[in-house]
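One structure below.
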4 protein chains.
Amino acid sequence: MAATRPKPENRSQERREKILQAAISLFSEQGYHHSSTRQIAKAAGVSEGTVFNNFESKSALLEIIIQGFYERLRNTAQEGLVNKHGCKEQFDFLAENHICVISEDNFLLMRLLAVYFSEHFNFYLDYRNSSIFKHSKIYTSLFDQVIREGIARKELKEDIKLSAMRDLFFGSMEYGVRSMLAQLETEETELNQEKLKAYAHSLCQPIWQSMENSEDQRSKDNQKELNLCERLERIADRLEEKI
Amino acid sequence: MAATRPKPENRSQERREKILQAAISLFSEQGYHHSSTRQIAKAAGVSEGTVFNNFESKSALLEIIIQGFYERLRNTAQEGLVNKHGCKEQFDFLAENHICVISEDNFLLMRLLAVYFSEHFNFYLDYRNSSIFKHSKIYTSLFDQVIREGIARKELKEDIKLSAMRDLFFGSMEYGVRSMLAQLETEETELNQEKLKAYAHSLCQPIWQSMENSEDQRSKDNQKELNLCERLERIADRLEEKI
Amino acid sequence: MAATRPKPENRSQERREKILQAAISLFSEQGYHHSSTRQIAKAAGVSEGTVFNNFESKSALLEIIIQGFYERLRNTAQEGLVNKHGCKEQFDFLAENHICVISEDNFLLMRLLAVYFSEHFNFYLDYRNSSIFKHSKIYTSLFDQVIREGIARKELKEDIKLSAMRDLFFGSMEYGVRSMLAQLETEETELNQEKLKAYAHSLCQPIWQSMENSEDQRSKDNQKELNLCERLERIADRLEEKI
Amino acid sequence: MAATRPKPENRSQERREKILQAAISLFSEQGYHHSSTRQIAKAAGVSEGTVFNNFESKSALLEIIIQGFYERLRNTAQEGLVNKHGCKEQFDFLAENHICVISEDNFLLMRLLAVYFSEHFNFYLDYRNSSIFKHSKIYTSLFDQVIREGIARKELKEDIKLSAMRDLFFGSMEYGVRSMLAQLETEETELNQEKLKAYAHSLCQPIWQSMENSEDQRSKDNQKELNLCERLERIADRLEEKI
DNA sequence: GATGAATGAGAGTTCATTCAT
DNA sequence: CATGAATGAACTCTCATTCAT
């Protein structure tokens, strides 16, 4: 009996997972508003009541799916970061990971966020207190960590405005994905990962550049300073001579 | 009599405008999905049939409102650009204008775009063929023009990847606005224009930097150094005379 | 001026006719219920108000179109009957004419009658007093005339139940047309006139037969009588011999 | 408890039946187009949603009611045919049954068919594939069976064109009913069954006549002649004896 | 007589959610 | 804890008809 005890929990978990997967699949194919809870129940092979026994409401289901995506983003990011040493490597990896994960399930995360904001955005105070916002913060704080470490290691400038960098980083990728989708050739139906990664790179390049504590630049500046110093010294020499 | 002739046309335009304003107002306050066509008709002081005589459907109304915003963005941008000379000035102005206009009506444009994408985003081919996409392109091409002119005038580098810059520019502002809203102090209910402009500036700074022609900058720096040296030399000359 | 006087009337008549034709065309293509008065007005190139200045209501328009069909049926029948001599010829012609005319405009008459009956049939008293019923009676009375003349000329039996013949005649053709349409080969999109006429013929044959005052049958009877007579004569002969 | 188990299914069936009966009753009294689904729900004592949980749409409800009529026609016909021996008896019974059943509920079947054809008749391919057409075929094939058996038993001619007979049979009855309704005396509000059966008989007579095997009839005639001849011969014999 | 904007009741249908079983 | 029938408010949209111009 003890061996069978965990079963109910497992069954329960399986059911929950089935419903989630059914919802993800339907939302991805038809959109949130065009997928009814009845359809979700049917697709999950459970009754309509069961959906509501497992999830408070349809919009709660939406939130949980979005959270799941953020968790996935965070997990893949954290796992990947472990192997990356050096700030630039980590920075680039975060971008690649982000653009690849958000493109999953036909860009479902972005579409669901659009749904979420289309219903809740007016109530931004709600958003701030929402668990979605919290998950989003947890995830994006990985970016912050990477940058902060970069600064600490003097790889990056000290006077970086972090929030601006974050917005540039995540905002441009999400906006860029939309642009890319809209400009797909008619025959194409998908964006391949290589294309996405390459694009992510072209967006990150300027951001990185602006943060970089460039050795090159420092040495150039030093050179200029040296030249200036030399001239000033010559002036000083002349003054000395006069005195 | 001749003076009263134009009335019918005006009346018709007025009614249409009334409906649009009512819709904008309701969408802004309650969101698109929670504003019914009945409410809109009532708020506009017309019958429900009149709404549908003037607009094909509720979603057509949505599209027209979004288009209106893009037209407003383009018009204010075009008018403002006339007085701005110099690429940097224009670039900064575009950012300020963008962030100010999208913050109007409680960030209605962004919320309506979220609605639009939440329903249509899966069908990106639809989006590409939609009039909204066309309006958006017309507007964002102003940015392209400014950058291209900057390149032509050698103020900007030649090898700029325009689409990446565009996505950084518009994407970071829209993402940034969301972040700012989510982080408003509880007592605040609005973002004031100054704050917005300042933020736009901090987002634009790195983008500009990455595009700027460093040849230009170097010569400017050199110029400054030279000027400094000259002044010092003149000072030295005067000292020489005095002594 | 005297020459231009008739114009207004003509114009008015033209308008009316345009509206009628537009309605017929739309009803034929989309059905009565799916054709709005707005569409009709547009197709006729007039305003919506004009439709209602010329026809009391949409259903009045329907009735007038149905009446027009009955008039057409009557006119073509009357004109055709003039050249047909002999009851059988006229009878066959009526059938051919009927089936050909009702097949016009994609069987519009039948479809419009279905509309009419679907809305008014419950109120059969209304139907009896309606002008459609009157027109229908005027038309079908041509059949009655032909039969009555046939009886008068001894071509048809005296004890024919006219109403039953009429119902067999018109009922079977209309029902038969429906059957034929339902059993069209998939590649066919129309019933050609020859097929229709042939079918009309196979429906009419039994009806005619039942009414015919057959010469053939009389002659067969004569033959039998002759045979009988011959035998009697032989019997008489034998009697003569005996005597 | 076991006894109460089947309840849910029964309840469900009862509800469905209630809705059907409510719809039949309302359609019969007010016509299909003038009976709203709201009214039907109210009359059935259920909510509007329940109507649509049980029937896909209002027009599906229409189709199911029509199918019910066809089933009733078939069932009463099949049951009745069992007791009828001889082709003529069966043929007459089919006619009586048909005209009696279609006159039920104020001729609802015919009126609902009019509704159906008024909406779908243009799309005859749809009709052919519709379940209504199938039910109608199943029912009318009973007529075909009776006739084929009659042919097999040599009671009917071999060269009968079955489809024409079918169209004459069913077409004339339905057309005839319309005529009768339109010519009811004002004080009458119903057609009584005797009248209907008598009329059915007068429509069937010519159809039967045209199918009847004349061989059969001829042999009967011959028999009569033979009998006659025999009698004459007997008379002649007697005469011979006397002489 | 022509116009066509305005009407507004009413239609069919959807759907998240509840709750008795 | 699962079920799924029942709910009923709410939705967008249609359309014949009117009437001021």
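Hydrogens, waters and symmetry mates play no part in the numbers below; they use all other heavy atoms, side chains included. Residue numbers start from 1 in every chain, and the chains themselves are labelled A, B, ... in the order their sequence lines are given, proteins ahead of strands.
C:Glu63 has its CD atom 16 Å from the C1' atom of F:dA16, to the nearest Å. In this structure, CG of C:Asn54 is placed 10 Å from P of E:dT3, rounded to the nearest angstrom. The CZ-P distance, from A:Arg16 to F:dC1, rounds to 12 Å in whole Å. With rounding to whole Å, C:Lys42 atom NZ is found 15 Å from F:dA16 atom P. E:dT18 atom P lies 16 Å from atom CZ of A:Phe55, rounded to whole Å. The separation between B:Gln13 atom CD and E:dA5 atom P is 12 Å, rounded to whole Å. Remark: P of F:dT17 and CD1 of C:Ile19 are 14 Å apart, rounded to the nearest angstrom. In this entry the distance linking CG of D:Leu62 with P of E:dT13 reads 12 Å, nearest Å.
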Take B:Glu71 and B:His135 through the test side-chain hydrogen bond (donor to acceptor under 3.5 Å, both in side chains) and record every step on the way to the result. CA-CA 7 Å; B:Glu71 275 166 23; B:His135 278 79; 3.3 Å; yes
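Taking only side-chain nitrogens and oxygens, D:Asn53 never comes nearer than 4.0 Å to OP1 or OP2 of F:dA5. Contact annotation: D:Thr50 reaches the phosphate of F:dT7 (side-chain N/O to OP1 or OP2, under 4.0 Å). At the phosphate of E:dG8, neither OP1 nor OP2 sits under 4.0 Å from any side-chain N or O atom of B:Ser47. Checking the phosphate oxygens (OP1, OP2) of F:dA6, a side-chain nitrogen or oxygen of D:Arg15 falls inside 4.0 Å.
Using a distance-only test at 3.5 Å, with no hydrogens or angles considered, no donor-acceptor pair links the side chain of B:Arg15 to the main chain of B:Asn54. Without hydrogens or angle criteria, B:Arg111 side chain to B:Asn106 main chain gives a donor-acceptor distance under 3.5 Å.
Tested against A:Phe27 for a ring pair (Phe, Tyr, Trp, His ring centres under 6.0 Å), the candidates A:Tyr116, A:Phe69, A:Tyr32 yield a single pass: A:Tyr32. Applying the side chain to side chain donor-acceptor pair (under 3.5 Å) test between B:Gln30 and each of B:Ser35, B:Ser25, B:Ser36 identifies B:Ser35 as the sole match.
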So which protein nitrogen or oxygen atoms get under 3.5 Å of nucleotides 11-14 of chain F's nitrogens or oxygens?
residue : atom : partner : partner atom : Å
F:dT12  : OP1  : B:Lys58 : NZ           : 2.7
F:dT12  : OP2  : B:Thr37 : N            : 3.1
F:dT12  : OP2  : B:Thr37 : OG1          : 3.3
F:dT12  : O4   : B:Arg38 : NH2          : 2.7
F:dC13  : OP2  : B:Lys58 : N            : 2.9
F:dC13  : N4   : B:Glu48 : OE1          : 3.0

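Taking each heavy atom of A:Asp105 and A:Ser28 in turn, the nearest pair found is O-OG, 3.2 Å. The two residues B:His33 and B:Glu119 come nearest to each other via the heavy atoms CE1-OE2, 3.8 Å.
Of the N and O atoms on the side chains of C:Thr37 and C:Glu48, not one donor lies less than 3.5 Å from an acceptor on the other residue. Side chains of C:Ser131 and C:Gln67: a donor-acceptor N/O pair is present below 3.5 angstrom, by distance only.
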Intra- and inter-strand pairing of DNA chain F, written as dot-bracket with Watson-Crick and G-U pairs under 3.5 Å and | for the latter, reads .||||||||||||||||||||
